[in-house]
*Asks:* 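This is the structure I have questions about; it appears just below.
Residues take their numbers from the sequence shown, with the count starting at 1.
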Amino acid sequence: MTLNPADTAFAETLRAQLPNDVLRRPEPRYLEEPRGRYAGLGGLLALPRDTDQVAILIRAANAARVPVVPYGGGTGLVGGQISSEGPAPLILSLERMGRIRAVLPEENVLVAEAGVILADVQAAAEDANRLFPLSLAAEGTARIGGTLSTNAGGTGVLRYGNARDLCLGLETVLPDGQIWHGLTRLRKNNTGYDLRHLLIGAEGTLGIITAAALKLYARPARSGTALLVVDSPTAALSLLSLARDHMGEMISAFELMHCQGYDFLNEVLPNTRQPFATPPEWSVLIEIGTPGEIDTDAALETLFAAALDAGLVSDGLIAQNAQQAHDFWSIRETIPEANRLIGSVSSHDISVPLGAIPDFITRATKALNALGDFRINCFGHVGDGNLHYNVFPAKGKTRADYEDLRDAVKRLVHDLVHEVGGSFSAEHGVGRVKVDDLERYGDPAKLAAMRAIKAALDPKGIMNPGAVLRS
């Protein structure tokens, strides 16, 4: 279906309905994405202050068949926040909708508008002596509407789940401009189709999330962090099983890191404080949070001793204070920045069944070594099966030297992921970058259902066209 640009004539239809400062020309930052691979188009930028203004914008866009591209914090890595093809869209940013509407510690609920920055949600929860556990490297920029629209993951998924698992209700403007008042705080609401779960992860293709009721948790009374050396991913998984036997659900994070990540930090971010004189080939960062008076240091020491006896670890460090814990986490959280500075040939946000992780790493690495001269940085949230398996140029070369191999690298990795029953997108979403992958690996029945839902809710195809499903 033909769409029309968000041009001057379209803007004029809205002037009488909105304050003068809602519409403007987009600044360059709204047309860029973090990896710099794509440049977006933008006819108009809309900065509404409330849900009613969002509804006015969407009704007008629907009537005029103008494409709408939602914009959160701009941190997405799959191009969902920019459009580089078709008529210039209306870019809809909810950054002015940054109000926390309610904090209800007795209910363990926080209600936030979509434009609230993730770190501010965390801080508001902390002020109420509660925890909002969604934590991302981009949490100082990412906004809660975007994290829900992409079903973001992060470091706490092992214990608390994805964004989907942390949301009780949504307020949303649907593609025809209707407002769905689904901002329930209920934990039981068995009344038919759950539109909340349909909209979370839809990447703005089915509507605009304007507010959310979020789950809070009791803050752990104590936390502990350790960096343990393992000799293989197999040993890391056995360590995870042992840790669960010892600590149950007290494990908040379990991150696997390869020595290539440490080497990249030495190469491009040499001021990063590293705990080992010689980086181990494989290491695990584990964080636990405990209630009451449980001694986290003692619990980690007991785990280390048991793992040492079982031959699962050969060395390790237990953080003795908050600064040391911060330094351990700084290594993990700075690796993506080092990756960006090196410049990848192809990056892969994948998930595979836990038991398949060691074999996948071995097979993928062997196949890539046969394809070309690469450096591979494998790291990520191994506790929930999510690996960032990223392929880089050999030292002294740049990614430009490998452009002819980029597609082959991605295909090789994703084919292997599919073969072991995994997903080519664990937490970054589909956006525009991975539409081809969804068509290649997606279940045909699921894809047909997705297209039917899109056609039913957004028959004119105005909502983030080209994202997730091909226009």
Side-chain angles (χ1 to χ4, degrees), residues 1-31 38-72 74 79-97 114-115 145-146 149 171-181 195 198-199 202-211 431-432 435 450-471:
M1 186 173 292
T2 303
L3 297 176
N4 302 309
D7 55 14
T8 303
F10 174 67
E12 286 302 316
T13 67
L14 287 161
R15 294 294 182 194
Q17 303 178 67
L18 295 166
N20 290 334
D21 63 347
V22 170
L23 295 176
R24 63 180 67 170
R25 292 295 174 188
E27 302 165 34
R29 67 186 178 96
Y30 295 100
L31 308 176
Y38 308 94
L41 301 171
L44 285 173
L45 170 68
L47 297 163
R49 287 187 171 85
D50 58 40
T51 302
D52 287 338
Q53 290 181 3
V54 176
I56 289 169
L57 288 159
I58 297 301
R59 278 197 298 270
N62 189 59
R65 293 185 176 174
V66 167
V68 179
V69 175
Y71 191 92
Q81 72 273 44
I82 62 169
S83 176
S84 55
E85 297 180 352
L90 174 69
I91 300 172
L92 181 58
S93 172
L94 301 191
E95 63 196 76
R96 286 178 172 170
M97 294 181 62
S149 292
E171 176 187 87
T172 305
V173 177
L174 299 174
D176 62 358
Q178 289 189 83
I179 300 172
W180 172 47
H181 300 282
L195 297 186
L198 186 61
L199 290 157
E203 302 186 44
T205 62
L206 300 177
I208 303 292
I209 294 172
T210 55
R432 291 174 174 82
V435 170
M450 288 172 62
R451 293 186 182 107
I453 292 167
K454 172 71 171 174
L457 293 182
D458 183 22
K460 295 182 180 179
I462 66 165
M463 299 305 304
N464 215 4
V468 184
L469 296 172
R470 195 178 303 279
S471 297

*Asks:* Examine distances only and state if a side-chain atom of R96 and a backbone atom of L47 form a donor-acceptor pair shorter than 3.5 Å.
*Replies:* yes

*Asks:* Can you name the nearest heavy-atom pair linking V68 to A61, along with the distance?
*Replies:*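 What the structure gives for the nearest pair is CG2-CB, 3.6 Å.
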
*Asks:* Using side-chain contact (heavy atoms from CB on, under 4.5 Å), reason through I58 and Q178 one step at a time and then give a plain yes or no.
*Replies:* CA-CA 9 Å; I58 297 301; Q178 289 189 83; over 6 Å; no

*Asks:* Under 3.5 Å, side chain of D458 to main-chain N/O of I462, donor-acceptor pair present?
*Replies:*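 Side chain of D458 to backbone of I462: a pair is present.
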
*Asks:* If only atom types and distance count, is the side chain of K460 paired as donor or acceptor with the main-chain N or O of L3 below 3.5 Å?
*Replies:*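 A pair under 3.5 Å: no.
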
*Asks:* May I ask you to test the V66-P89 pair for a side-chain heavy-atom distance under 4.5 Å?
*Replies:*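 Contact flag for V66/P89 side chains = no.
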
*Asks:* Under 3.5 Å, is there a donor-acceptor pair between the side chain of S471 and the main chain of G466?
*Replies:*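 Answer holds: yes.
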
*Asks:* Minimum heavy-atom separation for I209 and L94, please, with both atom names.
*Replies:* O-CD1, 3.1 Å

*Asks:* When you look at I453 and L198, which way does the side-chain contact (heavy atoms from CB on, under 4.5 Å) test go after all the steps?
*Replies:* CA-CA 9 Å; I453 292 167; L198 186 61; 4.0 Å; yes

*Asks:* Would you say the side chain of I56 lies within less than 4.5 Å of the side chain of L14, judging by non-hydrogen atoms?
*Replies:* yes

*Asks:* Is a side-chain N or O of E12 found less than 3.5 angstrom from the main chain of T8, in a donor-acceptor match?
*Replies:*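 A pair under 3.5 Å: no.
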
*Asks:* So does M97 get a backbone contact from the side chain of R49, meaning a donor-acceptor N/O pair under 3.5 Å?
*Replies:* no

*Asks:* Looking at every heavy atom in both P26 and G42, which two are closest together, and how far apart are they?
*Replies:*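 That would be CG-O, 3.5 Å.
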
*Asks:* Applying the side-chain contact (heavy atoms from CB on, under 4.5 Å) test to L206, which of V468, L457, L195 qualifies?
*Replies:*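 The passing option is L457.
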
*Asks:* Mind checking whether T172 and I179 have side chains closer than 4.5 Å, heavy atoms only?
*Replies:* no

*Asks:* Are side-chain N/O atoms of T210 and E171 paired as donor and acceptor at under 3.5 Å?
*Replies:*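 Distance-only check passes for T210 and E171.
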
*Asks:* If every non-hydrogen atom of F10 is compared with every non-hydrogen atom of A64, which pair is closest and at what distance?
*Replies:*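 So the minimum-distance heavy-atom pair works out to CD1-CB, 3.9 Å.
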
*Asks:* Stepwise, does the side-chain contact (heavy atoms from CB on, under 4.5 Å) test hold for V69 with L90?
*Replies:* CA-CA 6 Å; V69 175; L90 174 69; over 6 Å; no

*Asks:* Do R432 and N464 pair up side chain to side chain, a donor and an acceptor below 3.5 Å, judged on atom types alone?
*Replies:* yes

*Asks:* Would you say the side chain of V22 lies within less than 4.5 Å of the side chain of P19, judging by non-hydrogen atoms?
*Replies:*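 In contact.
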
*Asks:* Can you see whether E203 engages T205 through a side-chain donor-acceptor pair at a distance of less than 3.5 angstrom?
*Replies:*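 There is no such pair between these side chains.
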
*Asks:* So S93 and Y30, do their side chains get closer than 4.5 Å, heavy atoms only?
*Replies:* yes

*Asks:* Any non-hydrogen side-chain atom of L92 less than 4.5 Å from a side-chain atom of V54?
*Replies:*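 Yes, close enough: below the 4.5 Å cut-off.
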
*Asks:* Any side-chain to backbone donor/acceptor pair from S83 onto E85? Under 3.5 Å, distance only.
*Replies:* yes

*Asks:* Could you tell me which non-hydrogen atom of R15 sits nearest to which non-hydrogen atom of L23, and how far apart they are?
*Replies:* NH1-CB, 4.0 Å

*Asks:* Is the side chain of N62 donor-acceptor paired with the backbone N or O of D176 at a distance under 3.5 Å, no angle test?
*Replies:* no

*Asks:* Please give me the minimum heavy-atom distance between P87 and P67, naming the atom from each residue.
*Replies:*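 Looking at all heavy atoms of both residues, the shortest contact is O-CG, 3.8 Å.
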
*Asks:* How about L199 and W180: do any of their side-chain heavy atoms sit closer than 4.5 Å?
*Replies:*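 They are in contact (side-chain heavy atoms under 4.5 Å apart), so the answer is yes.
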
*Asks:* How about D21: does its CG atom have over 12 heavy atoms from other parts shown lying under 6.0 Å from it?
*Replies:* yes

*Asks:* Would you say the side chain of L44 lies within less than 4.5 Å of the side chain of I91, judging by non-hydrogen atoms?
*Replies:* no

*Asks:* Tell me, with the steps shown, if I208 and M463 meet side-chain contact (heavy atoms from CB on, under 4.5 Å).
*Replies:* CA-CA 9 Å; I208 303 292; M463 299 305 304; 3.5 Å; yes

